[in-house]
Amino acid sequence: PLSLGPVAPDYDERRAKWLRDNPRFPAFVAPGRPRVLVVSGSSPRRCSVPDGDHMLLRAFKNKVDYCRVHGFDIFYSTAVLDAELNGFWTKLPLLRSLMVAHPETEFLWWMDSDLMLTDMLAEPPWGRYARHNLVVPGWDDKVYVDRSWLGINAGSFIIRNCRWGGETLLENSYSLHGFWAGIVDKYEEMRRPGAGEPVPLVTHFVGCKPCSGEDSSYDAAVCRRGMERALNFADDQVLSMYGFGHESLNTTAVLRVRNDTGGPLDAELGRLLHPAFRAA
Ligand code: UDP
Ligand code: MN
């Protein structure tokens with residue numbers, strides 16, 4: 001049996017005391033705005049497929065961009081903290097260590113390395129999670145009736161810094177984890193004003209194995225093309241704040257999309273670079 005280490009039954013009380021003693025590091029940075037730490041990682045070894053590390057770098061850049069826009073912190077691990085909990089299990093001892101070391105963090109948001117944020121301005125509805133300690137993408141009937149492990153996905157989940165137990169929410173009201181195959185060909189459509197297709201917060205390349213290539217359930221070229229499109233789609237949302245955009249979602253080439261003759265600090269630009277929801 002695997003264990004994450006000794007249990008601290010009074011953890012919540014101790015964290016509450018720490019927060020009272022350290023008012024300069026509040027767990028809520030503004031009313032209704034929790035302090036969020038995004039956590040991701042990958043193997044300490046280099047990738048075995050030639051462009052794997054390049055993909056991981058770009059997927060990491062995407063997360064950094066998202067965190068900067070929202071004022072979230074980010075921690076990326078390439079260490080195996082527990083020899084028995086290696087590979088994808090690494091996320092568990094890592095999250096536990098970060099919780100204990102960062103009492104100021106209210107929510108930790110795990111993101112797999114093969115996941116990209118594709119709605120750069122959207123955020124999880126924090127207010128709706130006030131009573132929940134674990135938010136996992138999934139469906140109640142698949143998990144609690146069918147008892148299917150496919151009813152949830154652990155590639156993107158949000159966990160409160162506490163001894164949680166029963167307060168789990170299976171989220172499916174938006175794409176906390178969006179399965180890539182049904183999404184990557186629709187980005188252009190989603191971008192059109194009034195499009196019926198919602199932009200997914202997350203596009204997750206389940207089954208693609210961008211780093212190892214092993215046990216991939218999908219054709220590598222199809223996976224790569226999808227990742228390229230997701231990354232460019234997300235990057236366009238960032239670049240547009242600075243007046244640039246991709247020529248197409250299929251290439252890395254970038255063009256100037258705004259004529260920069262206006263005032264350098266015009267209202268539109270200032271609004272985008274400093275969205276109202278950004279942490280104070
Ligand atoms: N991971 C890690 N260290 C490792 C292996 C995996 O941090 O040594 C992380 C990485 O972020 C990866 C996630 O664990 O996306 C899930 O791992 P898995 O092997 O299941 O890959 P995936 O399902 O994402 O292809
Ligand atoms: Mn994954």
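Just so you know, these numbers come straight off a predicted model, no measurement behind them. The figures that follow rest on heavy atoms only: side chains count, while hydrogens, waters and symmetry mates do not. Atoms within a ligand are numbered from 1 in the order they appear, just like the ligands themselves.
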Original post:
Do any protein N, O or S atoms sit under 2.8 Å from the Mn ion (ligand 2), and which ones are they?
Top reply: D112 OD2, D114 OD1, D114 OD2, H204 NE2
Subject >> Shell of residues surrounding ligand 1, defined by a 4.0 angstrom heavy-atom cut-off that is strict >> reply: G41, S42, S43, G87, F88, W110, D112, S113, D114, K209
Original post:
Salt bridge between R33 and E123, side-chain N to carboxylate O under 4.0 Å?
Top reply: yes
**OP:** Among V38, N62, L117, L37, find the one that has a side-chain contact (heavy atoms from CB on, under 4.5 Å) with C67.
**Re:** V38
Original post:
Is the shortest side-chain N to carboxylate O distance from E228 to R58 below 4.0 Å?
Top reply: yes
**OP:** Find out whether H177 and N172 are in side-chain contact, i.e. whether some heavy atom of one side chain is under 4.5 Å from a heavy atom of the other.
**Re:** no
**OP:** Report the residue from F233, W180, F179 that forms a side-chain contact (heavy atoms from CB on, under 4.5 Å) with T203.
**Re:** W180
Subject >> Exercise: do S156 and W110 side chains pair donor with acceptor under 3.5 Å >> reply: no
Subject >> Exercise: do R45 and T78 side chains pair donor with acceptor under 3.5 Å >> reply: no
Original post:
Are the charged groups of D51 and R224 less than 4.0 angstrom apart, N to O?
Top reply: yes
Subject >> Electrostatic pair R229:E188 at N-O distance under 4.0 angstrom >> reply: yes
